[in-house]
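Note: hydrogens, waters and symmetry copies are ignored here, and every other heavy atom, side chains too, is used.
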Amino acid sequence: MTGLTSTVVRLKLALLRNGLRQSGGRRAAYVASAVVTLLFAALQLIGLIALRGHEHAASLVVPLVAVLGLGWAVMPLFFPSGDETLDPTRLVMLPLRPRPLVRALLAASLVGIGPLFTVLMLVGSVIAVAHGAFAYVLSVPAVLLGLLLCVAFARAVATANIRLLTSRRGRDLAVLSGLVVAVGVQVVNFGAQRLGSAGLGQLDPAADVLAWVPPASAVGALDAASEGAYGIAVGRLVVSAGALALLVALWARTLTRLMTAPDGSTLQAAEPAARDRRTSAGLRRLLPAGRTGTVMERSLRYVWRDPKTKAAWVTSLAIGLIVPVFNALQGTGSIYFACFAAGMLGIQMYNQFGQDTSAFWMVALTISSTRDAYVELRARALALLLITLPYATLVTVLTTALLGDWARLPEALGLSFALLGAMLATGAWTSARFPYSIPQEGHKNVAPGQAGLAWISILGGMVAAALLCAPVIAVTVWLNVSEGGDRWSWTLLPLGAAYGAAVTLLGLRLAAPRTAARLPEILTAVSKG
């Protein structure tokens, strides 16, 4: 068992190390993402330490640990993650027993930036609530149990969903899960906003309940020990330990079924050929002729058929609607929140070639010049616009109706169109400059060693898009503060639309030669999964 655990840990380290050796840019991206993550964790640690002695410190810390555990469970399934834990399906052909393999994978999962971030959060939580000798004694097993519960929960859920994310039969459930995650994130966000105005005391009832729910029960045990309730403290710690044992047992059972049962999800559902031809012909009639229509049809079929692409789209659609609408319903929103829809949907332009995975070689064979690359990128952008443009307009109009601020509808639409154009432009460029693989098997959304590259691509592109929108934002601010500017606010709609179109075309023009010149590098990067 010890030999297997050390082997798997060394294997993960080797995969991570070899991934970083591929290029200096990838190493820089990984280091930058690690620095940002650890800096955020350090700030959170300082904030939690500052809560020590606060009357309602436990009321915040206990739900925070519960949310942390929930995040570990769901985030690796739907978002790029730095946790590059080994995929157990790759070990199917080896003569390994489930329980030793679970221990080995659990140990390997503790290697990475994510576990270190979790440890810092748990240490800060312990410092915030622990008082007295007995609480200090329990703090070490509490942190260890909290960390193991988070990691084990993530791995168990991920193992159970590996076949789900790669099966055609289970794609709708995966999309629904992505929608639940999107809604859950926004609920947490709105809850945090209300706490800022109403105080931490509102969390007392929720904290009392969550103190018995792992992994928050580990921190809840320290709070009880600090108040002298030693029996309750031990009970909550026992609940945490029991939950870990149960979780590991369920994980082992799922792993056994995964590695021994046949994968029925790979059986292709037979569809009548005539129906498939009718559907294809009907879609093709609505699209332009030639390469543009072909590429658009392929992109739209990815959105509809590929489980991961579909989940990403549904999540973006949900968040893009929830943020402005929920804020408007609460009376705290602004019409400019409607731009969030354009921003979330614009992200789908990033890493365009990664969604093709190893099949990109067939696309690469058709690109022999800058003109071919330009037509390819333009068609992909047009496919996105078929969905994003009407959806962003709908969300903006709905937000305006809820707020009753119809006078600002033109400028909100103009800003949305400008932002969408800027994100399409930067997305085309980063797709050529920072491509990364999206594994089709397993639960990861980015191949090992490429997580930092993915975050730099997305975050860097979003910052560049915001800078590109600066002229339209400046005009909007100027018209709002200048006397009589309201009379000209309607001009922001055509201005934003024209500016967005111009920026998109410029971005495509700049990205095309880079795409044509870097085809071998792009093909290598997107084929890693």
Quick one: are Gln44 and Met121 in side-chain contact, heavy atoms under 4.5 Å? yes

If I take atom OG1 from residue Thr118 and atom CD1 from residue Ile113, how far apart are they, to the nearest 0.5 angstrom? 11.5 Å

To check you understand the geometry: which heavy-atom pair defines the closest contact between Ala57 and Val129, and what is its length? C-CG1, 4.4 Å

Approximate separation, where rounding is to 0.5 Å, of Ser139 OG and Leu144 CG: 11.5 Å

Do Gln348 and Thr388 have side chains that approach each other closer than 4.5 Å (heavy atoms only, starting at C-beta)? no

Looking only at heavy atoms, which two atoms of Val111 and Val9 are closest? And how far apart? CG2-CG1, 4.2 Å

Quick one: does any side-chain atom of Tyr302 pair with a main-chain N or O of Gln355 as donor and acceptor, under 3.5 Å? no

If we only count heavy atoms from C-beta on, is the Asp223 to Val61 side-chain gap below 4.5 Å? no

Please report the shortest heavy-atom distance between Ala338 and Thr399, naming the atom on each side. CB-OG1, 4.1 Å

Ignoring hydrogens and angles, tell me if any N or O in the side chain of Ser240 forms a donor-acceptor pair with the backbone of Ala218 under 3.5 Å. yes

Verify, without hydrogens or angle tests, whether Arg52 (side chain) and Gly124 (backbone) share a donor-acceptor contact under 3.5 angstrom. no

Quick check: does any side chain N or O of Arg380 sit under 3.5 Å from a backbone N or O of Gln352, one acting as donor and the other as acceptor? yes

Arg518 side chain vs Ala432 backbone, donor-acceptor pair below 3.5 Å: yes

Quick check: do Ile232 and Arg236 have side-chain heavy atoms less than 4.5 Å from each other? yes

May I ask you to check whether over 12 heavy atoms, not counting those of Phe153, lie within 6.0 Å of atom CZ? no

Taking all atoms of both residues into account, what is the closest heavy-atom pair of Ala107 and Thr5, and its distance? CB-CG2, 3.5 Å

Under 6.0 Å from the CZ atom of Phe40, do we count more than 12 heavy atoms belonging to anything else shown? no

Name the orientation class of the two ring planes belonging to Phe360 and Phe353 (parallel below 30°, tilted from 30 to 60°, perpendicular beyond 60°). tilted

Hey, is the main chain of Met462 close enough, under 3.5 Å, to the side chain of Thr426 for a donor-acceptor pair? no

